[in-house]
Amino acid sequence: MAPLLYLITPADPDPEKFPRQLMAVLTGPEVAAMLVRRGEMGEDRYEDLATKLVQIGQAAGTAVLVENDAALAKRIGADGVHVTGGGTKALREAIARIKPDGIVGVGNIRSRHDAMSFGEMDVDYVLFGPLGGEPDPQAAELAQWWAETFEVPSVHSDPANMPANVAASGAEFIALSDCIWTSADPIAALAEFDQAAKAPA
C-alpha cells in the first residue's frame, strides 16, 4: 500500500502569506494529516496561526494537529496533538485530554526502546525523524523496523527527502517539511512526492 502524505508546516512562516500558500498546496494531492509546527513562536502567535491553518486544512479534508499543546488543540478544534517533548508524562497527559475522539502522535524518538515505550501507550502513530532541519540518519531504519513489527502506524520524516526515496522505509506515512517549503514550486513538489509514493514498487 502506498504511503500517505503527512505535511509539516515551516517552523516560523510568514503569518500573512503562509495561509494562502498552504491553501494553494492543499488543492493538489490528498494530504492525510498536517502538523502545525511550533518553531520559536510565542503562545499567542502560534495560536493565531494554528487557528487559521486548522480551518484551512480541515476544509481540504486534512486532519490537522498542533505541537505539544493538547489544551490548544481542544480550544481551536484541531484534530489532535503531536507530542515531541516531555517524555511519557506529557504523552500520558495528552492522551487523557485528546482521546478517544482526537489523534495523539509522538515523535522525537531516538531509539527502539523509546519507540516501544511510547508505542505501548494509546498513540495513533509514531514519527521517526526531525520535523525540520538536518535529517536523522537512523530515522529510515527505525521507521522500517517499526512498520514491519508493530500495528501502530509509523511516519518517516526526512526534511531533505527526495522523491526517489519516498517509499524506502516502508512507513505508512511519509512526512514532508522543508523539502516542500524550500522548493521553488511547493505545489509541484508535493505532486512529485505523491506520484513517487503511488509508483509501483
Side-chain angles (χ1 to χ4, degrees), residues 4-87 89-109 118 121-133 153 155-157 159 173-183 186-187 189-190 193:
L4 301 174
L5 302 183
Y6 181 116
L7 192 61
I8 300 172
T9 65
D12 293 286
D14 183 315
E16 300 302 320
K17 294 179 181 177
F18 184 71
R20 290 194 295 273
Q21 183 183 35
L22 177 65
M23 205 177 298
V25 167
L26 291 179
T27 62
E30 181 179 353
V31 173
M34 180 177 77
L35 172 61
V36 183
R37 199 159 143 213
R38 178 68 181 257
E40 301 299 320
M41 284 181 272
E43 288 186 18
D44 289 347
R45 186 174 165 220
Y46 182 62
E47 180 167 349
D48 287 346
L49 179 67
T51 300
K52 292 176 187 174
L53 302 193
V54 164
Q55 294 170 354
I56 292 167
Q58 290 176 344
T62 299
V64 186
L65 291 84
V66 298
E67 187 179 351
N68 287 333
D69 195 334
L72 174 62
K74 296 283 279 188
R75 192 161 64 246
I76 66 174
D79 295 283
V81 63
H82 177 78
V83 179
T84 57
K89 181 172 184 262
L91 186 56
R92 197 172 289 114
E93 290 173 356
I95 289 167
R97 275 184 178 266
I98 298 293
K99 303 287 283 186
D101 299 324
I103 300 165
V104 177
V106 62
N108 198 23
I109 295 168
F118 295 140
M121 301 170 74
D122 187 20
V123 296
D124 294 286
Y125 67 81
V126 288
L127 185 147
F128 299 94
L131 301 183
V155 182
H156 178 215
S157 176
F173 293 82
I174 185 75
L176 305 170
S177 58
D178 297 350
C179 55
I180 298 298
W181 309 116
T182 59
S183 167
I187 299 170
L190 186 67
F193 277 101

Euclidean distance, Phe193 CZ relative to Ile174 CD1, rounded to 0.5 Å = 7.5 Å

Could you tell me the separation between the CD1 atom of Ile98 and the CD atom of Glu93, rounded to the nearest 0.5 Å?
-> 12.0 Å

Heavy-atom closest contact (Leu26 atom, Gly57 atom, distance) = CD1-CA, 3.8 Å

ring-ring contact (aromatic ring centres under 6.0 Å, His included): which pairs involve residues 29-70, sequence neighbours left out?
-> none

Rounded distance (nearest 0.5 Å) linking atom CD1 of Ile187 with atom OG1 of Thr27 = 5.5 Å

Test Leu7 against Trp181 for side chain to side chain contact (heavy atoms under 4.5 Å, CB included), laying out the working first.
-> CA-CA 10 Å; Leu7 192 61; Trp181 309 116; 3.8 Å; yes

Is the shortest side-chain N to carboxylate O distance from Arg37 to Asp178 below 4.0 Å?
-> yes

Any idea which heavy atoms bring Leu4 and Ala32 closest together, and the distance?
-> CB-CB, 4.0 Å

Which pairs pass salt bridge (Lys or Arg N to Asp or Glu O under 4.0 Å) with one or both residues in residues 51-73, sequence neighbours excluded?
-> none

Interatomic distance, CD1@Ile103 vs CG@Leu35, rounded to 0.5 Å, equals 11.5 Å

Is there a side chain to side chain contact (heavy atoms under 4.5 Å, CB included) between Leu127 and Phe173 once you walk through the steps?
-> CA-CA 9 Å; Leu127 185 147; Phe173 293 82; over 6 Å; no

Just by modelled atom types, is the Gly105 backbone N or O under 3.5 Å from a matching donor or acceptor in the Asp124 side chain?
-> no

Shortest non-hydrogen contact from Ala189 to Ser183?
-> CB-OG, 3.6 Å

Looking only at heavy atoms, the pair that brings Ala94 and Val81 closest together is CB-CG1, 3.8 Å

Sorted by chain and residue number, the side-chain hydrogen bond (donor to acceptor under 3.5 Å, both in side chains) partners of Glu47 (sequence neighbours excluded) come out as Arg75

Roughly how far apart are Asn68 CG and Arg38 CZ, rounded to 0.5 Å?
-> 8.5 Å

Counterpart residues, side-chain hydrogen bond (donor to acceptor under 3.5 Å, both in side chains), relative to Thr62 (two or more places apart) | none

Looking only at atom types and distance, does a side-chain atom of Thr84 sit under 3.5 Å from a main-chain N or O of Gly107, one as donor and one as acceptor?
-> no

Only counting residues at least two apart or in another chain, list the ones meeting side-chain hydrogen bond (donor to acceptor under 3.5 Å, both in side chains) with Arg97.
-> none

Do Arg45 and Asp12 touch side chain to side chain, with heavy atoms closer than 4.5 Å?
-> yes

Separation between CD1 (Ile95) and CG (Asp122), nearest 0.5 Å, reads 5.5 Å

Minimum heavy-atom distance between Val106 and His82, given as atom pair plus value | C-CE1, 3.6 Å

Which residues pass the side-chain hydrogen bond (donor to acceptor under 3.5 Å, both in side chains) test with Tyr6, sequence neighbours left out?
-> Tyr125

Is the shortest heavy-atom distance from the side chain of Val83 to the side chain of Val123 under 4.5 Å?
-> no

Stepwise side chain to side chain contact (heavy atoms under 4.5 Å, CB included) check, Leu5 with Glu30 = CA-CA 7 Å; Leu5 302 183; Glu30 181 179 353; over 6 Å; no

For Ser157 and Ile8, work out which heavy atoms get closest and say how close.
-> OG-CD1, 4.0 Å

Please tell me if the side chains of Pro15 and Asp48 come closer than 4.5 Å, counting only heavy atoms from C-beta onward.
-> no

Should Leu22 and Met34 be marked as a side chain to side chain contact (heavy atoms under 4.5 Å, CB included) after you check the CA-CA gap, both sets of side-chain angles, and the distance that decides it?
-> CA-CA 11 Å; Leu22 177 65; Met34 180 177 77; 3.7 Å; yes

